[in-house]
There are 2 protein chains.
Amino acid sequence: MSRPTMEDVAKRAKVSRALVSLVMNNSPQVSDEKRESVLRAAEELGYRPNLAARQLAKRRTQTIGVLVDDLRNPFFGEVVDGIEAEAADHGFTALILNGHRDARRELDAVETFLQFRVEGMALVGPRVGDDDLARLGGATPCVVVASGSAHPGVDTVTTDGRWGAELAVEHLASLGHTRIAHMDGGSNVSAAERRAGYRSAMQAAGIGDFIDIRAAGDDEADALDVIDELLSEADPPTAIFAFNDLLAAGALNRLDDAGVAVPGEVSLIGFDNTFISALRHLSLTTINQPKLAMGRLAVGTLLERLSDGSGEPIRHTLKPELVVRGTTGSPSNGSARPDGPPGPHRT
Amino acid sequence: MSRPTMEDVAKRAKVSRALVSLVMNNSPQVSDEKRESVLRAAEELGYRPNLAARQLAKRRTQTIGVLVDDLRNPFFGEVVDGIEAEAADHGFTALILNGHRDARRELDAVETFLQFRVEGMALVGPRVGDDDLARLGGATPCVVVASGSAHPGVDTVTTDGRWGAELAVEHLASLGHTRIAHMDGGSNVSAAERRAGYRSAMQAAGIGDFIDIRAAGDDEADALDVIDELLSEADPPTAIFAFNDLLAAGALNRLDDAGVAVPGEVSLIGFDNTFISALRHLSLTTINQPKLAMGRLAVGTLLERLSDGSGEPIRHTLKPELVVRGTTGSPSNGSARPDGPPGPHRT
DNA sequence: CATTGGAATTAGAGCGCTCTAATGGTCTAT
DNA sequence: ATAGACCATTAGAGCGCTCTAATTCCAATG
């Protein structure tokens, strides 16, 4: 509005507008004397450069767009922390927009980013399909984090969902489980990979006959029906591998309702290692994703792409790790949870 | 960049730049014929208005800045959801920045907002002090959400922390507790209010002699030492009112470690009603804050201030509510956790 | 003393858009 | 036919900044 402009500062410091610009950009070729008087004038006026004007003149924005699938999911919060940190380290500002778990709104957000002329976009856990992504992105570099994409126009930073699923199944199998069911991620983009890992690990463990995949989702609420369904079977599974921690938490709720002891009667394992899984009273065994590293790497990828331009799609795949906590144990020892790792559940 | 400009579109559609501008702004005074050919040309070129240029020319940004204390705290996520929704309803874009639980970084973020020339700022749970706030804000309207501020230059949307604290204490007192301790929010801005509520409710309940306030904080980790301290007392409290859910979760962990039954030996109550408190295995009794409503109201306040300008500071204070779950019960019934009220599922 | 070179400073042309005022065209009322 | 009214369209002056090229200044040099 009526905020002071560079012109005002120039007048007050009795120098040219150009000199003020130099000072504001920390140019070394300004005499200390003038620099100081410009800074003083700016201070006195409460001057702040107008970013829009600067961006327009500079023809770059030093800005990256960060699209977050769901701000309420702490998993994404941590990834974004990593993104912001790395972006800041390289002089970029991260603009955060919320996808609200909805592909249409994601597209809107991307549109907004493009109008902002962000220099790159990091899509964290997007739901939108590959084609839309590539089409929309156009010339703007775009990295997908934690969701995988096969499209050549899009770089990715993911954890190896297949590997993670295998870790989960191996862990359960090594405890002696055979009837291991998978509550999958439904339409979530990462679901297929983890499903595949589950399948192959079940085969590898020689219990391929027990493969049992149930369509669920990625939110607590998505677990309820599936658990009911599983419990009503003649031979219910002794272990469940859930698509993510939230889903596992929902499962835990429902198992609890049904009076099923965890891990006494059913073992449960999640995915993500969000902070809720560490809460002692959940104490959820899970698969860790290195969230901070993923965020940083995402920005790294973007910068690489910015300076490089063309070339092969970049695919960073980080290794997930098994985090054993209190919701997994040997099958059918019938009693309350064994000592094992920390965190006794109630009976 | 080398993206198409309005000029390009104008040329291709064989009209003036001004006409393209009118079309892009949905002006009614454009003939259908021309409108269509402009839109077609824009489509073909993949034209997108340059927001920086538009903002510069318009001399307004239609943008509000949202500063979030901590993206990993689900409480804030929900508030932001409300803010975004209301902002969108009024044609504003919400720019989200992360405060990282650090006053200095908050100030940086505010600085960034001002450079962006946001038309208003919503600070969600800020840690920065009143004076800095008012000084920095300057002419830009600023609403503080969930953190209270006494400064006349700043509007606020809060839940009544005093009232909430009273609800908590009354609940515990009505269960028969007298030795009710308060793990307070430490330096958190909302801490004082809840502390005061705790005090007055203790007095009102005739158990003022048992007032016991322990400096803690607002994060899980902050609970550990305090719990140790409390448990080592000669006469440990039979109930604890924690500053927020995260702190309560941390307390729960520690109590668990120490083999103390909740609510058998100690009742525990949190604040915020974040989704983690609803997780069945925590099942935390807590005080609800209407997060979505707070977010929407924040934007409402900002808009009001924008059209109104001067005037008294606006203070919206919403009423919190008690949400009884499984971590509170009568004192010293010695046994394991009772069932608690049925199925407190969150939506 | 004129010349040179380098550093510090400035003039001025955009960046891509909006907005006011002016233009031209068409349609009625006189 | 003429004026007026009204509409769609356009010219052009900014918005607040950056950046290139030009200018000024001054000390050092031959």
Side-chain angles (χ1 to χ4, degrees), chain A residues 1-39 41-42 45-63 91 93 112 114-119 139, chain B residues 1-39 41-42 45-63 91 93 112 114-119 139:
Chain A
M1 243 353 88
S2 56
R3 290 187 140 284
T5 81
M6 200 166 253
E7 191 71 48
D8 299 328
V9 177
K11 240 175 238 151
R12 182 172 250 262
K14 301 203 197 326
V15 297
S16 71
R17 201 179 59 249
L19 215 228
V20 178
S21 172
L22 290 179
V23 172
M24 287 302 154
N25 289 282
N26 289 313
S27 162
Q29 55 169 346
V30 181
S31 69
D32 287 352
E33 180 199 10
K34 298 264 176 181
R35 176 189 307 281
E36 202 157 315
S37 83
V38 165
L39 287 178
L45 292 173
Y47 169 75
R48 264 173 255 284
N50 180 321
L51 259 187
R54 168 181 289 198
Q55 292 176 349
L56 190 57
K58 264 213 164 89
R59 253 145 304 174
R60 51 175 309 197
T61 57
Q62 298 261 74
T63 278
T93 300
T112 302
L114 293 178
Q115 296 194 3
F116 264 110
R117 298 294 189 267
V118 297
E119 298 185 25
Chain B
M1 232 51 30
S2 56
R3 291 187 136 284
T5 80
M6 199 165 255
E7 192 72 47
D8 299 326
V9 176
K11 241 176 235 149
R12 181 172 251 265
K14 301 202 198 322
V15 297
S16 70
R17 200 180 60 248
L19 218 225
V20 178
S21 173
L22 289 179
V23 172
M24 288 303 155
N25 290 281
N26 289 314
S27 162
Q29 54 169 349
V30 181
S31 67
D32 288 351
E33 180 199 10
K34 298 264 176 181
R35 176 188 308 279
E36 202 157 314
S37 82
V38 166
L39 288 178
L45 292 172
Y47 169 75
R48 263 174 255 284
N50 180 320
L51 223 46
R54 170 182 288 200
Q55 291 176 350
L56 190 57
K58 265 213 162 93
R59 251 147 307 173
R60 51 173 310 196
T61 57
Q62 299 259 76
T63 278
T93 299
T112 303
L114 293 178
Q115 295 194 2
F116 264 110
R117 298 294 190 268
V118 297
E119 299 186 23

- Closer than 4.0 Å, any side-chain N/O of B/Ser31 to the OP1 or OP2 of D/dT9? yes
- Note on the structure: When rounded to whole Å, the CZ to C1' distance for the pair B/Arg48 and C/dC17 reads 17 Å
- For the atom pair CG (A/Leu19) and OG (A/Ser31), what is the distance rounded to the nearest 0.5 Å? 7.0 Å
Enumerate the protein-to-nucleotides 11-14 of chain C contacts in which both atoms are nitrogen or oxygen and the separation is below 3.5 Å.
{"unit_1": "C/dG12", "atom_1": "O6", "unit_2": "A/Arg17", "atom_2": "NH2", "d": "3.4"}
{"unit_1": "C/dA13", "atom_1": "N6", "unit_2": "A/Arg17", "atom_2": "NH2", "d": "3.2"}

- Query: With distance as the sole test, does A/Glu119 use its side chain to make a donor-acceptor pair with the main-chain N or O of A/Thr61 at under 3.5 Å?
  - Reply: yes
- Would you indicate which nucleotide in D/dC17, C/dT10, C/dC17 comes nearest to any side-chain atom of A/Val15? C/dT10
- dist A/Gln55:CD -> A/Gln62:CD (nearest 0.5 Å) comes out at 9.0 Å
- Message: Does any part of the side chain of B/Asn50, heavy atoms only, come nearer than 4.5 Å to the side chain of B/Thr5, both counted from C-beta?
- Response: no
- Query: Do the side-chain N or O atoms of B/Ser21 get closer than 4.0 angstrom to the phosphate oxygens (OP1, OP2) of C/dC19?
  - Reply: no
- Task: Quickly work out the A/Arg60 CZ to C/dG16 P distance and round it to whole Å.
- Result: 16 Å
- Do B/Lys11 and B/Leu45 touch side chain to side chain, with heavy atoms closer than 4.5 Å? no
- Taken to the nearest whole Å, NZ/B/Lys34 to C1'/C/dG25 is 12 Å
- B/Met24 CE to D/dT10 P, in whole Å, measures 15 Å
- Protein-nucleotide distance (B/Gln62, atom CD; C/dT18, atom C1'), rounded to Å: 13 Å
- Rounded to whole Å, the CD-P distance (B/Gln29 to C/dT26) equals 18 Å
- Sub-3.5 Å donor-acceptor pair from the side chain of A/Arg35 to the main-chain atoms of A/Leu22, do we have one? no
- Given atom CG of B/Leu56 and atom P of D/dC15, what is their separation to the nearest angstrom? 9 Å
- Output the distance between atom CG (B/Asp32) and atom CD (B/Glu36), rounded to the nearest 0.5 Å. 7.5 Å
- Note on the structure: Ranking B/Lys58 and B/Lys14 by the position along DNA chain D of their nearest nucleotide, the one closer to 5' is B/Lys14
- Which whole-number value in Å describes the distance from B/Leu22 CG to C/dC17 C1'? 12 Å
- Task: Ignoring the backbone of B/Thr5, work out which of C/dG16, C/dT9, D/dT18 is nearest its side chain.
- Result: C/dG16
- Test item: B/Arg117 and B/Arg59 side chains (from C-beta on) under 4.5 Å apart, heavy atoms: no
- Overall bend - the helix from C/dC1-D/dG30 to C/dT30-D/dA1, comparing terminal axes fitted on five pairs, nearest 10 degrees: 60°
- Return no unless some side-chain N or O of A/Asn25 is found under 4.0 Å from OP1 or OP2 of D/dT18. yes
- Query: Can you tell me how far CD of A/Gln115 sits from CZ of B/Arg3, rounded to the nearest 0.5 angstrom?
  - Reply: 10.0 Å
